[in-house]
Amino acid sequence: MGRAGQPKDRTDGPERKCIVTGEVQPKYGLIRFAVGPEGQIGPDLMEKLPGRGIWVSADRAAIDKAAAKGLFARAAKQPVQVPEDLADLVEALLAKRVINLISLARKGGRAVSGYEKVKIMLGKEEARVLIQASDGSERGKSKLSTPQGGSFIGWLTANELGQAFGRQTTIHAALGAGGLLQPVVEEAARLKGLRVSDGETARRKGK
């Protein structure tokens with residue numbers, strides 16, 4: 001896994017086709033949408049809602065295009081209602097999911113927060129993911145490096161990361177090996193597509 005936070009290559013996983021790009025790719029890189037009983041389009045991050053799924057790349061521009069060009073209705077083969085703030089809704093739900101997963105990892109003893117604890121975990125080579133708040137001091141963040149062969153997540157705000165650790169704010173965190181490692185990395189990678197522009201600038205919401 002690289003600093004970009006991309007999940008491991010899982011070419012043997014289920015694949016789906018994005019209605020915007022037409023590309024077929026592993027479904028962990030897309031968002032499933034479903035048509036509700038009133039004909040409204042809504043994100044189905046858990047992929048459990050009934051009916052035929054409509055898949056869009058986990059990318060803000062792709063979701064905005066699908067909404068603006070009527071691609072959801074075309075895929076559903078029926079008139080649908082698309083919320084004006086659909087991409088924002090998906091972003092908020094993804095952020096909440098990532099926060100909850102990190103919180104579960106913390107409760108399971110697989111995640112730590114705070115500069116010194118993270119530094120120790122990295123020094124012992126027990127960390128697999130370095131997580132740093134998008135609105136934290138760049139000088140402070142530069143003192144810690146992504147673990148070799150690991151991942152970096154840098155598009156949660158200090159408030160959001162703090163929620164995962166039961167604090168008001170958190171700047172530095174690290175995640176060790178365990179069952180929640182892959183879900184955190186994959187969901188964070190999807191969130192990146194909604195929150196980071198040009199691969200650099202994090203959208204600073206939830207402050």
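- Side-chain atoms of Q25 and S57 form a donor-acceptor pair, as typed in the model, at a separation below 3.5 Å.
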Would I171 and L161 count as a side chain to side chain contact (heavy atoms under 4.5 Å, CB included) if you check the C-alpha gap in whole Å, the side-chain angles of each, and the deciding distance to 0.1 Å? CA-CA 7 Å; I171 304 298; L161 194 52; over 6 Å; no
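- Residue I41 holds its CD1 atom at 12.0 Å from CG of L89, rounded to the nearest 0.5 Å.
- A heavy-atom distance below 4.5 Å is not found between the side chains of V184 and V129.
- Scanning both residues, P43 and I31, for their nearest heavy atoms gives CB-CG2, 4.5 Å.
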Set out, in order, the CA-CA distance, both residues' side-chain angles and the distance that settles side chain to side chain contact (heavy atoms under 4.5 Å, CB included) for E187 and L101, then state yes or no. CA-CA 9 Å; E187 294 303 313; L101 286 169; 3.7 Å; yes
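- Within the hydrophobic cluster formed by Ile, Leu, Val, Met, Phe, Trp and Tyr side chains joined at under 4.5 Å, directly or through other members, W55 is accompanied by L30.
- Ion pairing between a basic and an acidic side chain is recognised when a charged N comes within 4.0 Å of a carboxylate O; E47 and K27 show such pairing.
- Taking the side chain as every heavy atom from C-beta outward, V112 and F165 never approach each other to under 4.5 Å.
- Put simply, OG on S137 and CD on Q132 are 10.0 Å apart, with the number rounded to the nearest 0.5 Å.
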Please report the C-alpha distance between L94 and L45 in whole Å, then the side-chain angles of each, then the deciding distance to 0.1 Å, and finally whether the side chain to side chain contact (heavy atoms under 4.5 Å, CB included) criterion is met. CA-CA 8 Å; L94 278 173; L45 300 185; 3.9 Å; yes
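- Residue pairs that meet the side chain to side chain donor-acceptor pair (under 3.5 Å) test with at least one member in residues 105-116, sequence neighbours left out, are S113-R167.
- Residue pairs meeting the side chain to side chain donor-acceptor pair (under 3.5 Å) criterion with at least one partner in residues 29-45, sequence neighbours excluded, are R32-D44.
- Two residues are said to be in side-chain contact when any heavy atoms from C-beta on lie closer than 4.5 Å; L194 and I63 meet this criterion.
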Which is it for M121 and K117 under the side chain to side chain contact (heavy atoms under 4.5 Å, CB included) test, yes or no, and what are the steps along the way? CA-CA 6 Å; M121 193 176 190; K117 289 183 179 180; over 6 Å; no
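- Although no hydrogens or angles enter the test, the distance criterion places no donor-acceptor pair under 3.5 Å between the side chain of E15 and the main chain of V24.
- In this structure, S145 and L130 have side chains that are not in contact, with every pair of non-hydrogen atoms separated by 4.5 Å or more.
- Under the 3.5 Å distance criterion, the side-chain polar atoms of R195 are matched with a main-chain donor or acceptor of W155.
- L156 is listed as a side-chain neighbour of L191, based on a closest heavy-atom distance under 4.5 Å.
- Side-chain contact check for I131 versus H172: every heavy-atom pair is 4.5 Å or farther apart.
- At a threshold of 4.5 Å between non-hydrogen side-chain atoms, the residues F72 and I19 count as touching.
- Across all their heavy atoms, A188 and I153 have their closest contact at CB-CD1, 3.5 Å.
- Here the closest heavy-atom approach between residue E186 and residue Y28 is recorded as OE1-CB, 3.8 Å.
- L175 and A111 make their closest contact through CD1-CB, 3.9 Å (heavy atoms, listed as atom of the first residue, atom of the second, distance).
- Between I54 and V35, the closest side-chain pair of non-hydrogen atoms falls below 4.5 Å.
- Under 4.0 Å is where a charged nitrogen must lie from a carboxylate oxygen, and between E91 and R60 at least one such pair does.
- Residue A61 comes nearest to D59 through the heavy atom pair N-OD2, 3.0 Å, listed as atom of the first residue, atom of the second, then distance.
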